Protein chains: 2
Amino acid sequence: MLKYQEISDEIEKYIEDNELQQGDKLPILETLMTQFEASKSTITKSLDLLERKGVVYQVRGSGIFVRRHKRKGYISLFSNQGFKKELEGNHLTSEAIELEVRKPTKEAAHNLNIDLDDDVYYVKRVRYINGQTLCLEESFYNKSIVTYLNKEIISDSIFNYISEGLGLKVGFSDLYLRADKLKEEEAEYLGLQEGDPKIYVETIFHLTNGQPFDFSKISYNYEQSHFLFQATSHFL
Amino acid sequence: MLKYQEISDEIEKYIEDNELQQGDKLPILETLMTQFEASKSTITKSLDLLERKGVVYQVRGSGIFVRRHKRKGYISLFSNQGFKKELEGNHLTSEAIELEVRKPTKEAAHNLNIDLDDDVYYVKRVRYINGQTLCLEESFYNKSIVTYLNKEIISDSIFNYISEGLGLKVGFSDLYLRADKLKEEEAEYLGLQEGDPKIYVETIFHLTNGQPFDFSKISYNYEQSHFLFQATSHFL
DNA sequence: GAGTGGTCTAGACCACCCG
DNA sequence: GGGTGGTCTAGACCACTCC
């Protein structure tokens, strides 16, 4: 475990455990340096991490403060994988509808950067949150990277399996989001009416070496899908 | 201008100018160090910035590579302000519908962290992209921070005025996003039908010192609003 | 002006990729 | 094993805030 990671985690845990609120002041840099026996740069790196996670904000000449958003029940779209632990008390399950090896569509081949006669795993599933339909998901996995999948795996967390089971390292993803109307088939799976709104997301996941391995098309149930984004201007 | 900022900008410009594509390799760290006469840490910081902006990805033991997303016409929701220059050739205008000083709603007061008898600027406007309606926006500005607004300012870029004109420093924002159905009045402003989908976003903007100064409620035209998010797993 | 965070450097050492 | 990024340190100096 990296030192700055550990420190970052500890500080976050400290905030959680003591239920600190927005605006509460954390110890100053120097204190943290001695407390964690780390150099200034390392502490700074830990704090930058927390700042990007939306946990703290730093004010030059003043101090380090706790940042809290005010709403519960919102899903943070970013994370190592698709979702975040922020789902706290929420129960996430999946129902597999389809799973097979096939040739990619033109669209999938283009997004995965493979040929039309390469193999992909095609996965279709409905995901539930606390028993409610959350989304309908169609995914294409580059089979030369994700070499094996079965029903059991895709009913659980695919990304867990990919990193733990296959030892692959997920690097970055491009996520395209818009709203649209539900088609009849989608509405049926989600338990909504045709023409109802949906949030429609396409995502391309890449390994750390830049290779795309997963192209997914997801239609979200608009009643269940509340997303949170926390931005910090000087990181952009 | 900070050194790491400058270097970051120059590298980005270099990529643009030479139309480098996804996977193209950049010079190695040592080359960049001598070329920009900077230390390793500074170059690293520049590259981290670019990585978070989705411009490059770094592979340990291998090199630094260009990252490109494949789609045009998507808006990056993050930036110093509401939008990004990524709007490249796109023309963004605003039509002011309402502008007045008033008392905040309970909701606005809560989100801005002020009292019900404090003053806010209430701004309502429709924003257009290339002549099409993009969104309907209602904003509440804490008047003790944003001390003055007029029709001219709000027809242009409010955030530009806030940072340049008022000298305020925007720090971070919380953004809540979901889909819903358009109400009659909203549909009218956007030129759509009642019941059509919308992307509905509420945002709270804070100064660098953590003070919230803007609470906005925005309904996006689903036909025009395509959002792009670029995530990098190890920054979360 | 004291307190506090941010930038930048030089250099040591570690970890991963690839031929 | 050579090439290349990533982590970490100690310390100098700068910039902002707040009393």
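Residue numbers start from 1 in every chain, and the chains themselves are labelled A, B, ... in the order their sequence lines are given, proteins ahead of strands. From a predicted model like this one, the values you see are computed outputs, not experimental measurements.
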What is the distance from CG of Leu2(B) to C1' of dC16(D), rounded to the nearest Å?
13 Å
Does this structure show an ion pair linking Glu138(B) with Lys217(B), if we count only N-O contacts that are shorter than 4.0 Å?
no
Can you pull out every side-chain hydrogen bond (donor to acceptor under 3.5 Å, both in side chains) where at least one residue sits in residues 108-121 of chain A? Sequence neighbours excluded, please.
Lys103(A)-Asp119(A)
Describe, as an angle rounded to 10 degrees, how the axis at the first end of the helix from dG1(C)-dC18(D) to dC18(C)-dG1(D) is tilted relative to the axis at the last end, five pairs per end.
30°
Kindly assign one of parallel, tilted or perpendicular to the pair Tyr74(B) and Tyr176(A), based on the angle between their ring planes and the thresholds 30° and 60°.
perpendicular
Within residues 59-66 of chain B, which residues have any heavy atom lying less than 4.0 Å from an atom of DNA chain C?
Arg60(B), Gly61(B)
Parallel under 30°, tilted from 30 to 60°, perpendicular over 60°: which one fits the rings of Phe227(B) and Tyr220(B)?
perpendicular
Base, sugar-phosphate or nothing for Gln5(A)? Non-hydrogen atoms, less than 4.0 Å.
nothing
Along DNA chain C (nearest heavy atom to each residue), the more 5'-positioned of Thr42(B) and Leu47(A)
Leu47(A)
For a quick check of understanding: with a heavy-atom distance under 4.0 Å over all strands, which category does Glu51(A) fall into, base, sugar-phosphate or nothing?
nothing
Any donor and acceptor pair, going by atom type alone, linking the side chain of Ser233(A) with main-chain N or O of Val170(B) inside 3.5 Å?
yes
Is Arg68(B) salt-bridged to Glu16(B), going by a charged N under 4.0 Å from an acidic O?
yes
Using heavy-atom distances to pick each residue's nearest nucleotide on DNA chain D, tell me which of Ile28(B) and Asn209(B) is more 5'.
Ile28(B)
Can you tell me if Glu152(B) has over 12 outside heavy atoms packed within less than 6.0 Å of its CD?
no
Distance check needed: dG5(D) C1' versus Leu26(B) CG, whole Å only.
13 Å
Segment of DNA chain C, first to last nucleotide, that comes within the 4.0 Å heavy-atom reach of chain B:
dT7(C) to dC17(C)
Select base, sugar-phosphate, or nothing to describe what Lys40(B) touches, counting heavy atoms under 4.0 Å on all strands.
base
For Leu166(A) and Ile145(A) the tightest heavy-atom approach is CD1-O, 4.5 Å
The complete set of salt bridge (Lys or Arg N to Asp or Glu O under 4.0 Å) pairs with one or both residues in residues 158-176 of chain A, sequence neighbours excluded, reads Asp174(A)-Arg67(B)
Any pair with a residue in residues 20-40 of chain B that passes salt bridge (Lys or Arg N to Asp or Glu O under 4.0 Å), sequence neighbours left out, goes on the list, sorted by first then second residue, please.
none
N-O pairing of Glu202(B) and Arg71(A) below 4.0 Å:
yes
When the distance from CD of Gln211(B) to P of dC18(D) is rounded to whole Å, what number comes out?
10 Å
